[in-house]
Amino acid sequence: MLRLIVRDVIALAAWICVGEDRMSKRRSFAIWVFEIVCEAVGTCLWITAAAFIYADPGLHNDLSFRLIFGISAFVLIEFALTGYLLTTVISALYLPRRQRFLYPLVSGGLYLVHSGIFFVAVGNHILDKHNLFIQVGGASISFAVTLVGDRLRGLPELIARPPGSDDNTMELLR
């Protein structure tokens, strides 16, 4: 198992630094990092909203930058401890990008699985309604963020070759 993880980390390093399309790979990795940070901040805001909905009076008076930063940092640590970071980077490496919704769906599903692992690890029941509220909201955030990330990954190709600029379309216009 450890050998597979090491192999995938080495593959990630090679994916980022080596190859004919190195800038594209670096851009894709930077977009993945942006996605993870947005997911953490989005989960933080969703947890804060859940605290307001479920009337936790402790958070009502303290909605500060430090609180948002602290919860976001905790969510990033939870992502690392449950393996969410590793599984999303592996899925980003190996999933084909031809299907528009495949990676966002996989990312949302991974969010559900890994947040379930976290809630069970801290001693909560897997089907607790408060946990499910956070899990489903976080998976939705993950889906939306990775969908935008996929659009950002395809942006340079879209700029280089806008829709309708292929040779067949130009011939039809003549």
Side-chain angles (χ1 to χ4, degrees), residues 1-13 15-16 25 27-56 58-60 63 65 67-155:
M1 179 70 176
L2 183 61
R3 196 172 1 157
L4 292 174
I5 292 172
V6 169
R7 185 198 70 189
D8 288 333
V9 169
I10 291 170
L12 172 65
W15 180 71
I16 295 169
K25 292 175 184 177
R27 182 185 69 245
S28 186
F29 182 72
I31 290 171
W32 176 80
V33 169
F34 176 73
E35 289 172 356
I36 292 297
V37 169
C38 287
E39 287 176 30
V41 172
T43 301
C44 165
L45 295 175
W46 190 254
I47 289 170
T48 306
F52 278 103
I53 290 171
Y54 293 115
D56 184 5
L59 290 177
H60 282 213
L63 191 57
F65 176 74
L67 178 74
I68 301 296
F69 180 78
I71 295 174
S72 297
F74 179 78
V75 169
L76 283 172
I77 292 169
E78 179 257 330
F79 283 175
L81 290 176
T82 61
Y84 179 72
L85 295 178
L86 183 64
T87 55
T88 55
V89 79
I90 289 170
S91 64
L93 280 173
Y94 295 114
L95 284 177
R97 296 284 180 197
R98 293 182 197 117
Q99 298 172 348
R100 182 174 171 191
F101 292 107
L102 181 63
Y103 176 62
L105 285 173
V106 168
S107 181
L110 287 171
Y111 187 97
L112 285 174
V113 169
H114 289 286
S115 60
I117 291 169
F118 173 74
F119 284 127
V120 169
V122 295
N124 293 342
H125 190 268
I126 193 150
L127 295 176
D128 184 38
K129 70 176 184 174
H130 300 95
N131 295 347
L132 286 176
F133 181 78
I134 293 170
Q135 286 178 286
V136 171
S140 301
I141 291 166
S142 174
F143 176 82
V145 166
T146 53
L147 189 63
V148 169
D150 267 357
R151 297 291 288 181
L152 289 175
R153 279 183 188 89
L155 195 59

Task: Rounded distance (nearest 0.5 Å) linking atom OH of Tyr84 with atom CG of Leu112 - done: 9.5 Å
TODO: Go through the structure and list residues passing side chain to side chain donor-acceptor pair (under 3.5 Å) with Gln135, not counting sequence neighbours.
DONE: Ser115
Task: Contacts of type side chain to side chain donor-acceptor pair (under 3.5 Å), residue Ser72, not counting sequence neighbours - done: none
Task: For Tyr111, all residues meeting side chain to side chain donor-acceptor pair (under 3.5 Å), sequence neighbours excluded - done: Thr43
- [ ] Mind checking the CG-CG spacing from Leu76 to Leu81? Nearest 0.5 Å is all I need.
- [x] 11.0 Å
- [ ] Return the minimal non-hydrogen interatomic distance between Glu78 and His114, and the atom names on each side.
- [x] OE2-O, 3.8 Å
TODO: Search all heavy atoms of Tyr103 against all heavy atoms of Thr88 and return the closest pair with its distance.
DONE: OH-O, 3.7 Å
Task: Glu35: partners by salt bridge (charged side-chain N to carboxylate O under 4.0 Å, His left out), with sequence neighbours left out - done: Arg153
Open item on the list: Once rounded to the nearest 0.5 Å, what's the spacing between atom OG1 of Thr82 and atom CD1 of Ile77?
Closed with: 12.0 Å
Task: Ser91 side-chain N/O to Thr87 backbone N/O, donor-acceptor pair under 3.5 Å - done: yes
Open item on the list: Between Leu45 and Ile141, is there a side-chain heavy-atom distance shorter than 4.5 Å?
Closed with: no
Open item on the list: Quick check: closest heavy atoms across Leu85 and Ile36, and the distance to 0.1 Å?
Closed with: CD2-CG2, 3.5 Å
Open item on the list: I'd like to know if the side chain of Thr48 reaches the main chain of Cys44, judged simply by a donor and an acceptor atom lying under 3.5 Å from each other, with no hydrogens or angles considered.
Closed with: yes
Task: Closest approach of Ala40 to Phe79 (non-hydrogen atoms, all atoms of both residues) - done: N-CE1, 4.0 Å
- [ ] Please list, chain by chain and in numerical order, all residues satisfying ring-ring contact (aromatic ring centres under 6.0 Å, His included) with Phe118, sequence neighbours excluded.
- [x] Phe74
Open item on the list: For Phe133, give me all partners under ring-ring contact (aromatic ring centres under 6.0 Å, His included), at least two apart in sequence or on another chain.
Closed with: Trp46, Tyr54
Open item on the list: Please check this pair: side chain of Ser107 against backbone of Pro104, looking for a donor-acceptor N/O pair closer than 3.5 Å.
Closed with: no
